A.B. asks: 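Structure incoming, see below.
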Amino acid sequence: MLNRIGRNDLCWCGSQIKYKKCHASFDDKIEFYGEQGHIVPSRNIIKTPDQIAGIRESAKINIAVLDHIADHICAGLTTEEIDQLVYQKTTELGGIPAQLGYHGFPKSVCTSVNEQVCHGIPSETVVLRDGDIINVDASTIYKGYFSDSSRMFCIGDVGKEKEKLVRVTRECIEYGLQQVQPWGFLGDMGQAVHEHALKNGYSVVQEIGGHGIGLDFHEDPWVSFVSKAKTEMLMVPGMIFTIEPMVNMGTDEIIPDKKNGWTIYTSDGKPSAQWEIMVLVTGDGHEILAY
Ligand code: MF3
Ligand code: CO
């Protein structure tokens, strides 16, 4: 339940308008859904216009960083060099890579190649070769605001199968995004993602999901991509979260790297792909903040 403020007090959203004339009926609506047994967002999940403006600026840097990687990535490049490009570009634009030092993560970006599902650690011993698919996952802190997105890159000729995996995973995001609208549910999005992957003979990783983001790197809610329509959290205007399904060519089973403590692999060694966007729920649909 939301913490109510006086109806004649100024609204929590920073509008300088009285609460009763601003977000009071909005809060009532959320409370109503809560009373129906739905999971509803708490106030700190819903961003104010000022916060959204700051988060949008952070996201612009994240987009520019991944554009920069897109311009430079090629066979022969090491993932360590990708890390350097990310660090240089992020800081040049006034940002800080959010991954660097995050729970001890040693680099500025995650680089996950082929059967690596996520959280690959850049290394000078990993040289990109013709036929590799790689996810580059970057995140930025700018003036205290967080952004996070990732893209797949195909190095040279990756063959039909990997190409399809990369394309279908991207389509999964698009189908999921179509379900992002106020007063829908995160499960509507998750089911759409999952169904498209299954339809193509792929599986979706269950244990690792998306997340709220903006004032912190990983905020509530945790976001599943194997969920069911009409379940999970109610989506309301001002919510920001990531859509970042990990789609596997084979089994959805994953195994963590025991030595580095970070990297996740498919248990059958088959390729995995992931794209990540950051999306804002608006009054009439959604806005992609980072990609
Ligand atoms: N974008 C990734 C995620 O949200 C970044 C993980 S950061 C790491 O899971 F440092 F934990 F790798
Ligand atoms: Co993320």
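The first residue in the sequence is number 1, and the count goes up from there. Keep in mind it's a predicted model, so treat the numbers as computed, not measured. Atoms within a ligand are numbered from 1 in the order they appear, just like the ligands themselves.
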A.B. asks: Atom 9 (O) of ligand 1: which protein heavy atom is closest, and how many Å away?
C.D. replies: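 Looking only at protein heavy atoms, the one closest to atom 9 (O) of ligand 1 is H119 NE2, 3.4 Å.
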
A.B. asks: Less than 3.5 Å apart, any donor N or O on the side chain of H38 or E232 sitting next to an acceptor on the other?
C.D. replies: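 Checked: H38/E232 side chains show no N/O donor-acceptor pair below 3.5 Å.
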
A.B. asks: For atom 11 (F) of ligand 1, which protein heavy atom lies nearest, and how many Å away is it?
C.D. replies: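 Residue, atom and distance for the closest contact: W262 CZ3, 3.0 Å.
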
A.B. asks: Taking the Co ion (ligand 2) as the reference point, name the nearest N/O/S atom of D148.
C.D. replies: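 It is OD2, the N, O or S atom of D148 closest to the Co ion (ligand 2).
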
A.B. asks: Of all the N, O or S atoms in E276, which one sits nearest to the Co ion (ligand 2)?
C.D. replies: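 That would be atom OE2.
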
A.B. asks: Can you report which non-hydrogen protein atom sits closest to atom 12 (F) of ligand 1, along with the distance?
C.D. replies: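 Result: C110 SG, 3.2 Å.
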
A.B. asks: Considering both backbone and side-chain atoms of H218, is one of its nitrogen or oxygen atoms within less than 3.5 Å of a nitrogen or oxygen in ligand 1?
C.D. replies: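 For ligand 1, there is an N or O atom that lies under 3.5 Å from one belonging to H218.
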
A.B. asks: Looking at E244, which of its N, O or S atoms is the nearest one to the Co ion (ligand 2)?
C.D. replies: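 Relative to the Co ion (ligand 2), the closest nitrogen, oxygen or sulfur of E244 carries the name OE2.
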
A.B. asks: Note the single closest protein heavy atom to atom 7 (S) of ligand 1, along with its residue, its atom name and the distance in Å.
C.D. replies: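 Result: Q99 CG, 3.2 Å.
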
A.B. asks: Report yes or no: does H218 have an N/O/S atom closer than 2.8 Å to the Co ion (ligand 2)?
C.D. replies: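 So H218 does not count as coordinating the Co ion (ligand 2).
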
A.B. asks: Is the closest side-chain donor-acceptor distance between E92 and Q88 under 3.5 Å?
C.D. replies: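 Short answer, no.
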
A.B. asks: If I compare all heavy atoms of S272 with all of T266, which pair ends up nearest, and what's the gap?
C.D. replies: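 Closest approach of S272 to T266: CB-CG2, 3.8 Å.
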
A.B. asks: Would you say CD of E124 has more than 12 non-hydrogen atoms from neighbouring residues, nucleotides or ligands within 6.0 angstrom?
C.D. replies: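 Open: at most 12 neighbouring heavy atoms sit under 6.0 Å from CD of E124.
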
A.B. asks: Any heavy atom of H211 sitting closer than 4.0 Å to ligand 1?
C.D. replies: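 Contact present.
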
A.B. asks: Are V168 and Y175 linked, directly or through other ILVMFWY residues, by side chains that come within less than 4.5 angstrom of each other?
C.D. replies: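 In one cluster with V168: Y175, no.
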
A.B. asks: Please find the pair of heavy atoms, one from V247 and one from L165, that lie closest to each other, and give the distance.
C.D. replies: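 It is O-CD1, 3.8 Å.
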
A.B. asks: Just by distance, no angles: are the side chains of T242 and D148 close enough, under 3.5 Å, to form a donor-acceptor pair?
C.D. replies: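 T242 vs D148: no donor-acceptor pair found between side chains.
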
A.B. asks: Check E171 with R167, please: is the shortest side-chain N to carboxylate O separation under 4.0 Å?
C.D. replies: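 A salt bridge is present here (some side-chain N lies under 4.0 Å from a carboxylate O).
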
A.B. asks: Under 3.5 Å between any N/O of D137 and any N/O of ligand 1: does that happen in this structure?
C.D. replies: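 N/O-N/O distance below 3.5 Å exists for this pair.
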
A.B. asks: Polar contacts were defined as any N/O atom of the residue lying under 3.5 Å from an N/O atom of the ligand; does this apply to E276 and ligand 1?
C.D. replies: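 It does: an N or O of E276 is found under 3.5 Å from an N or O of ligand 1.
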
A.B. asks: Does D137 put an N, O or S atom under 2.8 Å from the Co ion (ligand 2)?
C.D. replies: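 It does not; every qualifying atom lies at 2.8 Å or beyond.
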
A.B. asks: Output, in order, the C-alpha distance, side-chain angles, deciding distance and verdict of side chain to side chain donor-acceptor pair (under 3.5 Å) for N260 and T263.
C.D. replies: CA-CA 7 Å; N260 74 25; T263 309; 2.9 Å; yes

